[in-house]
Amino acid sequence: MKVFNTLSGKKETFQPQGSEVKIYVCGVTPYDECHLGHAMSYIIFDVIRRYLRFRGYKVRYVQNVTDIDDKIIERANQRGVPAAELAGQYTESFFRDMDALGIERADVYPYATGEIDKITEVIQGLIDKGHAYPAGGSVYFRVKSCPGYGKLSRRNLESMMTSCSIEMGKEKEHPMDFALWKAAKPGEPYWESPWGQGRPGWHIECSAMSLKYLGDSLDIHGGGQDLIFPHHENEIAQSECFTGVEPFVKYWLHNGMVQFGEEKMSKSLGNLITIKDALEKYSADALRVFVLSSHYRSPLTYSEAAIEAAVGGVERLARVLRRDDQTGGKGEALDAEPYRKQFTEAMDDDFNTPQALAVLFDLASAINQAADSGISFQDAKEALFSLKRDVFGLKRRDVVITVPTAQIEVRGFAPTVYVSVQPTPEVEVRVERLVEERAKCRDAKDWQRADKIRSRLAELGIVLEDTSRGAKRIWERSPAVESLNSLLAELGITLEDNT
RNA sequence: GGCGACGUAGCCAAGUGGUUAAGGCGGCGGUCUGCAAAACCGCUAUUCACCGGUUCGAAUCCGGUCGUCGCCUCCA
């Protein structure tokens, strides 16, 4: 397996340091709703985690929640609520979004406010070693004490000094020194510390939490490319100076940014689409496929057309999985092994999800061909299903019931497919009655009436596809009983009993 | 200004030295069907932003030009 390491700028052979892969992924600062940028990052690292497990690794996955920060305080003040309340509200919202997107929960979610002891321990350690100094109730990291500073983002102090907007802080020894601990201003939330009342600086919580929950040296640290500098650069400085252990992180993985039109989607630009808004329109599977259809290190440009294409792809994969053709008479079976191998090769090459996805589509085509020619495809179908579920986290599996449960005699036994719906018996019995009526009309060659039933049912969310075994019913929604009653009345059909 | 990434069909997007340039979406034609839908078959980039160079051979390597984006300040 090869992964692209930001630190070296190259693809490297992946070799975890211990028996389990230790992954830390930068989480959220909960002061607002999460948007598609977060979705992209967390979907990708979810898939990386799933793939590592698929390849037989044990994985320990930690993601922080930075629940105290300048932005939280600012937003809370605007709204006149306590910072902790605001953070709590958006943290809950974050978890709802993650669950809705089918992102597996991390093993640990440490909160910055819950780790003040570890944070102060690290800060004190840095002071003791001469890497940090208190000033005016705050504590700053002394960048000049860290010879490797800039190695991740490939920049040096001199070049940074020439860039535009660096102002000399009154308290800081060097303009690039950054806060480990911030003295509380009046009215701000604070914690007690050896340097007075205050709160952690932005970068220190990630160092403290990863050291506490994963040890001095992790295998993978992930996040968006916008975190490379200063956040991850500073994390390396803090952690390596504190522990003396190098490397703090063996493989740094960074995903590209979601673009909205011509620029990055971000909170500060306000050009964002929240995860909740996206999920109103598209399924989690569609959003996942949209993200996975381009490489994680490339920018991902948001467009309705691109997500619609993903919707189509998700449908294609779903349809092939609901095929239940009777096959096997020829004694041949489709072998999924070559596809599994190609899939693994693609993913082994720095998680090439677009290529791996293409393999799934190839497998889908092969299954359709096999089914059409009477070759057994059950094993291949299982392989497709497990790859898409276990590695890509695509959850949709339609419920297929081949024998109608309703107490109405229906000609033929074409499958009934429920797409995330569970109709009531009252609804089901009416639909079955309409399907039966249509079958009679078709026998009588009353195409007009038959097509009317089909198109009206489609409007109500039930698609009919004629097969040699009768009409296959695909329930995309469950209609209201009243709608069905009025359709029955319009057609002059009465139900035999009182159901 | 400094650092980095990118420019492949109508759209999205793999491929980074060598047989016919993956795959998805869309479109067109065909098979099947009463008609659809689905599925299948065929077609949809003689060409990879542009110009030079290296090479027996380049979308892939090198130089230049144009264009786009990210980071350098809070950001996934």
Side-chain angles (χ1 to χ4, degrees), chain A residues 6 9 25-29 31-32 34-45 69-71 74 150 153-156 158-167 202 222-231 233 254-259 261-269 272 289-290 292-295 297-301 303-317 319-320 322-323 325 342 346 349 352-362 364-365 367-369 371-373 442 445-448 450-451 454-455 458 463-468 471-472 474:
Chain A
T6 307
V25 175
C26 277
V28 289
T29 299
Y31 72 93
D32 207 341
C34 289
H35 55 78
L36 288 181
H38 300 99
M40 176 190 186
S41 190
Y42 300 145
I43 286 170
I44 279 157
F45 287 106
D69 157 277
D70 292 356
K71 295 249 171 176
E74 187 187 329
S153 51
R154 266 173 259 288
R155 53 188 84 188
N156 54 55
E158 293 75 58
S159 73
M160 284 187 271
M161 291 303 295
T162 61
S163 73
C164 44
S165 62
I166 298 210
E167 81 292 356
W202 174 33
Q225 282 170 351
D226 53 354
L227 294 180
I228 294 171
F229 189 89
H231 188 55
E233 195 69 70
H254 292 98
N255 62 275
M257 300 288 99
V258 173
Q259 305 287 126
E262 299 294 278
E263 47 189 7
K264 185 178 84 166
M265 183 177 289
S266 78
K267 291 180 185 178
S268 47
L269 291 168
L272 44 81
V289 167
F290 166 62
L292 298 174
S293 63
S294 85
H295 188 86
R297 282 190 284 117
S298 303
L300 177 66
T301 304
S303 76
E304 298 267 322
I307 301 186
E308 291 292 350
V311 170
V314 167
E315 286 302 317
R316 184 168 163 77
L317 293 178
R319 277 195 302 263
V320 71
R322 67 166 90 117
R323 286 196 77 146
D325 310 56
Q342 286 175 43
D349 183 15
N352 193 333
T353 56
Q355 200 159 62
L357 192 58
V359 174
L360 295 190
F361 284 115
D362 286 342
S365 289
I367 290 170
N368 279 325
Q369 286 165 36
D372 283 359
S373 52
R442 294 186 72 219
K445 301 209 188 306
D446 183 355
W447 308 124
Q448 209 178 2
D451 289 352
R454 182 172 61 191
S455 64
V463 176
L464 299 183
E465 295 181 3
D466 291 322
T467 74
S468 57
K472 185 168 174 176
I474 299 152

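All chains are named by letter (A, B, ...) in the order of the sequence lines, taking the proteins before the strands, and each is independently numbered beginning at 1.
Residue side chain A:Arg454 reaches the base of B:C35 through a donor-acceptor N/O pair under 3.5 Å, judged by distance alone.
Nucleic acid contact for A:Asn352: sugar-phosphate only, since backbone atoms but no base atoms lie under 4.0 Å from a heavy atom of the residue. Contact annotation for A:Gly222: no contact, since no heavy-atom pair falls under 4.0 Å across all strands. Among the atoms of the strands shown, none is found under 4.0 Å from any heavy atom of A:Phe290. Residue-level contact check: A:Gly37 touches the bases, meaning some heavy atom is under 4.0 Å from a base atom. Counting any heavy atom pair closer than 4.0 Å across all strands shown, A:Val258 reaches a base atom.
Applying the side chain to side chain contact (heavy atoms under 4.5 Å, CB included) rule to A:Ala306 yields the partners A:Phe290, A:Ser303; only residues at least two apart in sequence or on another chain are considered. Legend: residues meeting salt bridge (charged side-chain N to carboxylate O under 4.0 Å, His left out) with A:Asp446, ordered by chain and number and at least two apart, are absent. Taking the salt bridge (charged side-chain N to carboxylate O under 4.0 Å, His left out) definition, one finds that A:Arg316 meets it with nothing, sequence neighbours left out.
Annotation for A:Glu233 and A:Arg154: closest pair OE1-N, 4.5 Å, computed over non-hydrogen atoms. The two residues A:Ser294 and A:Pro354 make their nearest non-hydrogen contact at C-CG, 3.5 Å.
In the set B:C71, B:A76, B:G24, the nucleotide with an atom closest to the side chain of A:Phe229 is B:C71. Side chain of A:Ala309, nearest nucleotide from B:C25, B:A76, B:C69: B:C25. Candidate nucleotides B:A14, B:A36, B:A76 were compared by shortest atom distance to the side chain of A:His295, and B:A14 ranks first. Relative to the side chain of A:Ala306, the nucleotides B:C74, B:A76, B:C12 differ in distance, and B:C12 lies closest. When distances are taken from the side chain of A:Ser294 to each of B:C74, B:A76, B:A14, the shortest belongs to B:A14.
Taking the C1' atom of each, B:G26 and B:U68 are spaced 25 Å apart, rounded to whole Å. Comparing the same atom, P, in B:G29 and in B:C12 gives a spacing of 25 Å after rounding to whole Å. The same atom, P, is picked in B:U8 and in B:A59; the two are 15 Å apart, to the nearest Å. Here, B:C6 and B:C25 have their C1' atoms 23 Å apart, quoted to the whole Å. Nucleotides B:C43 and B:G7 have their C1' atoms positioned 28 Å apart, rounded to a whole Å. The gap from the P atom of B:A58 to that of B:G1 amounts to 35 Å, rounded to the nearest Å. B:C51 and B:C56 have their C1' atoms separated by 23 Å, with the value rounded to a whole Å. For the P atom pair drawn from B:A37 and B:U16, the interatomic distance equals 39 Å after rounding to whole Å.
When the C1' atom of B:A14 is taken as reference, atom CG of A:Leu360 falls 14 Å away, rounded to whole Å. The CG atom of A:Asp226 sits 16 Å away from the C1' atom of B:C3 (whole-angstrom rounding).
A salt bridge links A:Arg323 with A:Asp325; the closest basic N to acidic carboxylate O contact falls under 4.0 Å.
Rounding to the nearest 0.5 Å gives a distance of 7.0 Å between CD1 of A:Ile44 and CG of A:Leu292. Note that the CG atom of A:Asp226 and the CG atom of A:Asn255 stand 8.0 Å from one another [nearest 0.5 Å]. Taking CG of A:Leu36 as the start and CG of A:Leu300 as the end, the distance is 8.5 Å to the nearest 0.5 Å. With rounding to the nearest 0.5 Å, the separation of CE in A:Met257 from OG in A:Ser41 is 7.0 Å. Taking CZ of A:Arg322 as the start and CD1 of A:Ile474 as the end, the distance is 4.5 Å to the nearest 0.5 Å.
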Between the protein and nucleotides 19-22 of chain B, which nitrogen or oxygen pairs are less than 3.5 angstrom apart?
none

Which atoms of nucleotides 37-41 of chain B (N or O only) lie under 3.5 Å from a protein N or O atom, and what are those distances?
| from | atom 1 | to | atom 2 | distance (Å) |
| --- | --- | --- | --- | --- |
| B:A37 | O2' | A:Glu465 | OE2 | 3.3 |
| B:A38 | O3' | A:Arg319 | NE | 2.9 |
| B:A39 | OP1 | A:Arg319 | NE | 3.2 |
| B:A39 | OP1 | A:Arg319 | NH2 | 2.9 |
| B:A39 | O3' | A:Asn368 | ND2 | 3.1 |
| B:A39 | O2' | A:Arg323 | NH1 | 3.4 |
| B:A39 | O2' | A:Asp372 | OD1 | 3.2 |
| B:A39 | O2' | A:Asp372 | OD2 | 2.4 |
| B:C40 | OP1 | A:Asn368 | ND2 | 3.4 |
| B:C40 | O4' | A:Asp372 | OD2 | 3.1 |
| B:C41 | OP1 | A:Gln369 | NE2 | 3.1 |

Bracket notation of RNA chain B in which parentheses pair within the strand, [ ] cross earlier pairs, and | pairs with another strand (Watson-Crick or G-U, under 3.5 Å): ((((((((.[[[..)..(....]]]((((((.......))))))....[[[[[..)....]]]]])))))))....
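Here the side chains of A:Gln369 and A:Asp372 are not in contact, with every heavy-atom distance at 4.5 Å or above. With contacts defined as side-chain heavy-atom distances shorter than 4.5 Å, the pair A:Asp466/A:Arg454 qualifies.
In this model, the phosphate group of B:A14 is approached by a side-chain N or O of A:Ser298 to a distance below 4.0 Å at OP1 or OP2.
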